[in-house]
Amino acid sequence: DAGITQSPRHKVTETGTPVTLRCHQTENHRYMYWYRQDPGHGLRLIHYSYGVKDTDKGEVSDGYSVSRSKTEDFLLTLESATSSQTSVYFCAIGYTDTQYFGPGTRLTVL
Amino acid sequence: GENVEQHPSTLSVQEGDSAVIKCTYSDSASNYFPWYKQELGKGPQLIIDIRSNVGEKKDQRIAVTLNKTAKHFSLHITETQPEDSAVYFCAATLAGGTSYGKLTFGQGTILTVHP
């Protein structure tokens, strides 16, 4: 998985609780991305980062925030989890235009 | 923004047959088109990509074709094997500049290769 780890790999939480997912890379790539994958929708971009402290919104950013304080880590936070955020979350890293994906985090919000 | 449509949603073939998956995109400015293979429980893996200055690209049993005029691109897998069974995704983006490589994905195709 191209030097990308995601943690946790599985998480079950309750509605209204905060959740933080972590993406860690060892490739020193500038670009990092968070996607969610849902049946029938493919992968949809949540947020992305083009450098330390440089982030921007993607297609489905409502209810999510991100932070990148160092090159290797990109955090995705659900401030108050909802059932609609039950999904599989993938982190990707990019070098120019080519992206490589991590193993994913399966999140269930009850 | 970009919209990518992928067909078919499921594809079943016999081992040794060819498989073709097609995608159309809406933004004529898009110039980079990767294909990903996703096995159960794993993240998507890049298998081949094509840029808008090229009409076709091959890598062993896999090939991708691009028709910029019609705004569609296709994945061709020849001599399919059971290990080709997976979900395949196409994607499109405007590479370079301030697009930051943001990919728009198709909905995916579940390919099943029967021995």
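Throughout, protein chains are lettered first and strands after them, A, B, ... in sequence-line order, and every chain is numbered starting at 1.
- Hydrophobic clustering (side-chain heavy atoms under 4.5 Å, transitive across Ile, Leu, Val, Met, Phe, Trp, Tyr) keeps B:Ile50 apart from B:Phe89.
- Across every non-hydrogen atom of A:Tyr48 and B:Lys102, the tightest pair is CE2-CD, 3.3 Å.
- Counted within 6.0 Å of CG on A:Leu110, heavy atoms from surrounding residues, nucleotides or ligands total more than 12; the atom is thus considered enclosed.
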Check your understanding: Given A:Gln99 and B:Leu103, is the side-chain contact (heavy atoms from CB on, under 4.5 Å) satisfied, shown in steps?
Key -> CA-CA 9 Å; A:Gln99 292 185 29; B:Leu103 291 173; 3.5 Å; yes
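- One hydrophobic cluster, built from ILVMFWY side chains closer than 4.5 Å, holds both B:Ile47 and B:Val54.
- Surrounding CD of B:Gln60 are at most 12 heavy atoms belonging to other residues, nucleotides or ligands under 6.0 Å away.
- Heavy-atom distances place no part of A:Ser49 under 4.5 Å from chain B, backbone and side chain included.
- Around the CD atom of B:Glu56, the shell of radius 6.0 Å holds more than 12 heavy atoms that belong to other residues, nucleotides or ligands.
- Under the 4.5 Å side-chain contact rule for hydrophobic residues, B:Ile48 and B:Tyr88 share a cluster.
- Each of B:Phe105 and B:Phe73 belongs to its own hydrophobic cluster when Ile, Leu, Val, Met, Phe, Trp and Tyr are linked at side-chain heavy-atom distances under 4.5 angstrom.
- Here OG1 of B:Thr104 is found 12.0 Å from CZ of A:Arg44. Values are rounded to the nearest 0.5 Å.
- Using a 4.5 Å cut-off between heavy atoms, A:Gln37 contacts chain B through its side chain alone, with no backbone atom that close.
- At a heavy-atom cut-off of under 4.5 Å, chain A is reached by B:Tyr32, B:Tyr36, B:Gln38 from residues 31-38 of chain B, listed in order of number.
- With values rounded to the nearest 0.5 angstrom, A:Tyr100 atom OH is found 10.5 Å from B:Gln45 atom CD.
- A:Trp34 and A:Val52 are members of different hydrophobic clusters when ILVMFWY side chains are connected at heavy-atom separations under 4.5 Å.
- The number of heavy-atom neighbours closer than 6.0 Å to CD of B:Gln81, taken from other residues, nucleotides and ligands shown, is above 12.
- Residue A:Arg106 does not touch chain B at all, counting heavy-atom pairs closer than 4.5 Å.
- Only the side chain of A:Leu45 comes within less than 4.5 Å of a heavy atom in chain B; its backbone stays farther off.
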